[in-house]
Amino acid sequence: MMDLFKKLKSMHLLLIDDDEWVRDSLRMFFESEGCEIVALETAEEGLEFTTSHHVDIILVDYRLPGMDGLEFVKHLPANQVGTLKVLITAYGSDDLLLKAKQSGFHACIPKPFTTEIIEASLERLIGQ
């Protein structure tokens, strides 16, 4: 099994979720493993951040105030080529999963999730 966190320590992670509890708990989880993660509340903040910072992995919630997660990836700046995109959603219908794939998402994580699910998903993505 690869050492996921060893790889993640050299990567830039971005989390966008309007749920403060999700932001805080994931930030603490990644930071406790020595990883850097920027946690923002809205897609608009995410777009602003990504214009001046390259990120390797984006975890974005589907339902956000304002622009949703699918719209967000359509507006990502050109400097985000190669970024791994993961959609987090409590609304995992087949239709949404298809739209996410068509929008360029590499994975979907259903809510509610555990850190083990996040780890397994990232491990699959990075291990490819």
Practice task
Step through the shown structure and confirm whether more than 12 heavy atoms of other residues, nucleotides or ligands are within 6.0 Å of CD on E31.
Solution key: yes
Problem - Donor-acceptor contact present, side-chain T89 to main-chain Y91, <3.5 Å - result: yes
Handout entry: CG on L122 to OG1 on T115, rounded to 0.5 Å
Key = 11.0 Å
Completion exercise
Tracing side-chain contacts under 4.5 Å among Ile, Leu, Val, Met, Phe, Trp and Tyr outward from M28 reaches none
Practice task
Would you sort out whether D61 and K111 count as a side chain to side chain contact (heavy atoms under 4.5 Å, CB included), showing the intermediate values?
Solution key: CA-CA 9 Å; D61 192 20; K111 277 185 174 180; 3.3 Å; yes
Problem - Pair R27-L15, side chain to side chain contact (heavy atoms under 4.5 Å, CB included): steps then yes or no - result: CA-CA 8 Å; R27 184 172 49 227; L15 168 68; 5.9 Å; no
Practice task
List in chain and number order the residues that pass side-chain contact (heavy atoms from CB on, under 4.5 Å) with S32, two or more places apart in sequence or in another chain; answer none if no residue qualifies.
Solution key: none
Handout entry: In one Ile/Leu/Val/Met/Phe/Trp/Tyr side-chain cluster, 4.5 Å: I57, I88
Key = yes
Fill in the blank from the handout: Residue pairs passing the ring-ring contact (aromatic ring centres under 6.0 Å, His included) test with at least one member in residues 20-43, sequence neighbours excluded, are F5-F29
Handout entry: Student check: side-chain heavy atoms of V60 and L14 closer than 4.5 Å
Key = no
Practice task
Determine, using the 4.5 Å side-chain heavy-atom cutoff (strictly less than), whether I58 and L4 are members of one ILVMFWY cluster.
Solution key: no
Tell me which donor-acceptor pairs under 3.5 Å the side chains of residues 93-101 have, and how far apart each pair is, sequence neighbours excluded?
| residue | atom | partner | partner atom | Å |
| --- | --- | --- | --- | --- |
| S93 | OG | L96 | N | 3.1 |
| D95 | OD2 | K99 | NZ | 3.4 |

Review item, side-chain donor-acceptor pairs of residues 75-87, under 3.5 Å, at least two apart:
| residue | atom | partner | partner atom | Å |
| --- | --- | --- | --- | --- |
| H75 | ND1 | E71 | O | 2.8 |
| N79 | ND2 | T50 | O | 3.0 |
| Q80 | OE1 | V55 | N | 3.0 |
| Q80 | OE1 | T83 | OG1 | 3.2 |
| Q80 | NE2 | T50 | O | 2.9 |
| Q80 | NE2 | H53 | O | 2.8 |
| T83 | OG1 | V55 | O | 2.8 |
| T83 | OG1 | Q80 | O | 2.8 |
| K85 | NZ | T83 | O | 3.0 |

Practice task
For D56, enumerate each residue passing the salt bridge (Lys or Arg N to Asp or Glu O under 4.0 Å) test, keeping only those at least two apart in sequence or located in another chain.
Solution key: none
Exercise for the section: Apply the side chain to side chain contact (heavy atoms under 4.5 Å, CB included) test between C35 and each candidate in K9, K7, M11, K6; give the one that qualifies. Expected result: K9
Exercise for the section: Go through the steps to decide whether I16 and F49 satisfy the test side chain to side chain contact (heavy atoms under 4.5 Å, CB included), and finish with yes or no. Expected result: CA-CA 11 Å; I16 303 169; F49 180 81; over 6 Å; no
Exercise for the section: Is it possible for you to say whether M67 and L59 belong to one hydrophobic cluster, with membership spreading through side-chain heavy-atom contacts below 4.5 Å? Expected result: no
Problem - Gap between atom CD of Q102 and atom NZ of K74 - 0.5 Å precision - result: 9.0 Å
Handout entry: From CA spacing to verdict: side chain to side chain contact (heavy atoms under 4.5 Å, CB included), L64, E44
Key = CA-CA 10 Å; L64 293 166; E44 290 79 3; over 6 Å; no
Handout entry: Test item: R23 side-chain N/O and D17 main-chain N/O as donor-acceptor pair under 3.5 Å
Key = yes
Practice task
Please check if F113 and I126 belong to a single hydrophobic cluster, counting links between Ile, Leu, Val, Met, Phe, Trp and Tyr side chain heavy atoms closer than 4.5 Å.
Solution key: yes
Practice task
Could you tell me whether a side-chain N or O of S121 sits under 3.5 Å from a main-chain N or O of I118, the two making a donor and an acceptor?
Solution key: no
Exercise for the section: Decide whether L13 and L125 are clustered together by the hydrophobic rule: side chain heavy atoms of Ile, Leu, Val, Met, Phe, Trp, Tyr closer than 4.5 Å, transitively. Expected result: yes
